[in-house]
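Take a look at the structure below.
As the structure is a prediction and not an experimental result, all values here were calculated from the model. Chain naming here is simple, since letters A, B, ... match the order of the sequence lines and numbering starts at 1 in each.
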Amino acid sequence: METLFIPLDYDYFDWQGKNYLRIIGRNEKGKRLCVIDKFNPYLWAILKKGVSEEKIKNLIQKIEKINIKGSTRITTIKKVEVKDKRFLGKQVKALKIFITNYKDAHPVADELDFPEIDARRGYDVPLLTKYIIESGFVPLKWHKIKGRLLNGTLEFGGIDRIDVDECYEAEKIEEAEEQAFHPRILAFDIEAGEFGIGKGEILMVSLVGKNFKKVLSWKKCPENLDYVECFKDEADMLETFVKYVREFSPDVLVGYFSDGFDMPYLRARAEKNKVRLALGLDNRQPTFARGRIPSASIAGIVHIDIFRFIDSVYSQYLTSETLGLNDVASELLGEGKKDFDAFEHVKNKKQEWQEFFEYNLQDSVLTYKLAEKLWPDMLEFSKIIQEPLFEITRSSMSQHVEAFILHHLERYNEIEEKRPLHDEIGERRQREKYEGAFVFQPTPGLYENLAIFDFTSMHASIIVSHNISKTTLLEKKEKDCYESPELELEGRKRKFYFSKKPGFFPSLLGEIVELRKKYKKEFKEQPDPIKKARSNAYKLLANAYYGYTGFFGARYYSVESAASTLAFVRKFNKWTIEKVSEQGYKVIFGDTDSVGFKLSGKTKEQTLKFLEKLNSELPGIMELELEGFYKRGIWVKKRTGDFGAKKKYALIDEQGKLKVRGFETVRRDWCPLARQLQNKVLQAILEDGNEKKALELIKETIKKIKNREVNKKDIMIRTQLKKPLDEYKSITPHVIAARKIKEKGLPIDLGMLLEYFIAETRGKKKLVREKVKLPDEKGEYNIKYYLERQILPAVENIIEVFNVNGKEIINGKKQMKLLDF
DNA sequence: GTTAAGGCCATACC
DNA sequence: ACCGGTATGGCCTTAAC
């Protein structure tokens, strides 16, 4: 039998002591199929240099006798082969040791304690990763499967007795031509009576798919909402939820924060009600893998918590201030959550059931739309990294980088390095920090006609151009090698040297950068979401690569590499600043990979020509590009000290578009009133080149504050709770806000955004925290606080740029003047 | 009781 | 534990008077 197949969900099982894979996917007609494949696990024993043939033979005989006896299986050595391999870039002889069950790879490695063996590797890569590398059966690409149709016999212990159309035992798997694939997506969301997992009842569950929307409820039966279905109790509702999911037969079941909330809640309530949450195609209940956030997985269906993908990968593209469903959906879909206070409804037993149902449905609608919108990104990430969707949507960027490397080592005949052990991680984390990038000290002022140059993927291009990595690092200087600038590490000045023989680590990064360029070009020529996602995925990967070298959990961790890369970053940034100055431009700012300067009478054409010249002097694939030309820009004084603040500026381009960095405008822990005013002030100043209109704007706002005409939502300050409430050494306003919420009986979650305002208070209260009130608390805003601690700080150093006697203003009269308006 | 320095804390830039 | 160094600035805590 032969069929086309796209693999979606990977799982493994044991049969007669051996590992098998069960892969669920679809054929080209949309039928759901299952493929059973064998797996031949092995690990590596890297031999010491110069071990004789004779000794190797003896060693192999000893190894072949190893067996691991467990309660359910005995793992033995199937065969041992001698191979010429590379390890950390060096040529080695290694034994490829095939074993019967990968779950015992670790104990087998422990047994390989022979004097001829230098190192043991390849026992700590996750089984699925190992399988995909070996089989080439990569996720989300079409394959042609030749195999035997299984028919529900007990051949594999009945593993094929699952809810699929057909199940094959694979005999041959080969890649097939690409074609479009549209997954069946089903989104879900629950509403519960209490926030604590399982503490309250699940009041309703919504489900949204293509041409499918339902709200399941048991608390209330509305007459006029056709999508609401009513049940006699919670258990009945949960059973129907399971039934509907099974009937819809989704490839992807998606929630928003469902790993952390919906799934564990469903599990807890199902247990309580003695309902089996048999969502898996094999009728199993969801399982929860351990981890910082437990990942809920369903056999045969890819459960995606879209929040986790956004959190670890996609958030870099977002400007929303929180990663909550409302903010993210508003930004990506232009549509937010329904305005409804579910907590109020439950707590005060309100009877706004219609609104509640709509609210619940809308959450699933948004989750569904987000999943559709982000599908190209998840798809491309999965195809590029070659890891299954489930893993892709839950991994950090460093894990993505590492997985990408692991999946491409075979091309370099390279044996994988091991994961650092607990003690090693500890040591790495404790080691002294190394010096970072260079930031140019700006001079405060308003400047006209500016240009900004920046390096494209600077860290990546430095690593590639200087062949920097753990495995290309030389012990000492050689005749022809790359030499890092002098840097300080562990208290002494030193340099590092890297071989000119291309290493797999920088080479792979070189490929990533190349592919990024290629797909970016393709996207520009003929834009579509897939091309965009592909180009973005490579870009993200390239940018995360440097961070990976300095990440303590990395297999290819290398402080020397990270420190050297940064030394080059500093060198090239300063080099650019110098060159630009020498050419007669006035440099205004510079940070890490960018330099901004005044055109100083030169034309754009001259500047672009000069850019070309600079590029001809850069090594390897390093490249400077024009970030943009700007009409005006403003830099302000630091609040403490009499010099320009770094990482704080605002620019306006020729189209009048504002670009604000670092100012309160872009800081979410300032009230909207101050932020909006500052933004308007910056806009006015940069448009007109003078402060007249700005002063008017400030005057207006001050008047509004004094007359108590400011909207309440505009004075709210939002601050994130970054650690458990009782760990705070300093009791700041937002800690008070959190305590107040706790007193109300609401949950305090790590990472939640606390909202509060500063109110007028009676009596002698000096500290800000004593005036904190929650949004729904009664009280008037504190005029003095908002004038002096929000509005004034947000605008005073901006308008100060226009005053010749700048120093006097900050200490004296103008402050008073401003407030006297 | 007041005040300045130092530390804690959140957030931004790249 | 899940990229990390550079940087700003508010507010609290502490120590000194």
Kindly say if H734(A) contacts the phosphate of dA10(B), meaning a side-chain N or O under 4.0 Å from OP1 or OP2. yes

Has Y728(A) got a side-chain N or O lying under 4.0 Å from the OP1 or OP2 atom of dA10(B)? yes

Just by distance, with hydrogens left out, do [X] and [Y] show a side-chain donor and acceptor under 3.5 Å apart?
X       : Y       : value
E387(A) : S395(A) : no
R494(A) : S484(A) : no
T319(A) : E331(A) : yes
S561(A) : Y556(A) : no
E625(A) : T456(A) : no

Any side-chain heavy-atom pair from I132(A) and P388(A) closer than 4.5 angstrom? yes

Can you tell if the side chain of T129(A) reaches within under 4.5 Å of the side chain of P126(A), non-hydrogen atoms only? yes

Carefully, step by step, assess R769(A) and V735(A) under the rule side-chain contact (heavy atoms from CB on, under 4.5 Å). CA-CA 8 Å; R769(A) 68 167 177 231; V735(A) 173; over 6 Å; no

Categorize [X] for me: base, sugar-phosphate, or nothing, with a 4.0 angstrom heavy-atom threshold over every strand shown.
X       : answer
G662(A) : sugar-phosphate
Y557(A) : nothing
K729(A) : sugar-phosphate
Y649(A) : sugar-phosphate
Q399(A) : base
R661(A) : sugar-phosphate
A437(A) : sugar-phosphate
Y434(A) : sugar-phosphate

Using atom [atom1] of [X] as one end and atom [atom2] of [N] as the other, report the distance to the nearest whole Å.
X       : N       : atom1 : atom2 : value
F438(A) : dC13(B) : CZ    : C1'   : 15 Å
E664(A) : dT11(B) : CD    : P     : 14 Å
F453(A) : dC14(B) : CZ    : C1'   : 19 Å
K648(A) : dC14(B) : NZ    : P     : 14 Å
M752(A) : dA10(B) : CE    : P     : 14 Å
D593(A) : dC14(B) : CG    : P     : 8 Å
L725(A) : dC9(B)  : CG    : P     : 12 Å

What is the ring orientation for Y548(A) with Y545(A), classed by angle as parallel under 30°, tilted 30 to 60°, or perpendicular over 60°? tilted

With under 30° as parallel and over 60° as perpendicular, where do the rings of Y649(A) and W635(A) fit, or are they tilted in between? parallel

Need to verify one output field. Residue with the more 5' nearest nucleotide on DNA chain C, Q441(A) or F551(A)? F551(A)

By nearest nucleotide on DNA chain C, pick out whichever of S396(A) and G436(A) is the more 5' one. S396(A)

So, with a heavy-atom separation below 4.0 Å from DNA chain C, the residues of residues 558-577 of chain A are none

For the P atoms, the ones on dC9(B) and on dC3(C), what distance do you get once it is rounded to whole angstrom? 22 Å

Distance between P atoms of dA1(C) and dT11(B) (Å, rounded): 22 Å

Between the base of dT11(B) and the side chain of R668(A), is there a donor and acceptor pair under 3.5 angstrom? no

Under 4.0 Å between a side-chain nitrogen and a carboxylate oxygen: does that hold for E416(A) and K130(A)? yes

Name the first nucleotide and the last nucleotide along DNA chain C (5' to 3') that come under 4.0 Å of a heavy atom in chain A. dA1(C) to dT13(C)

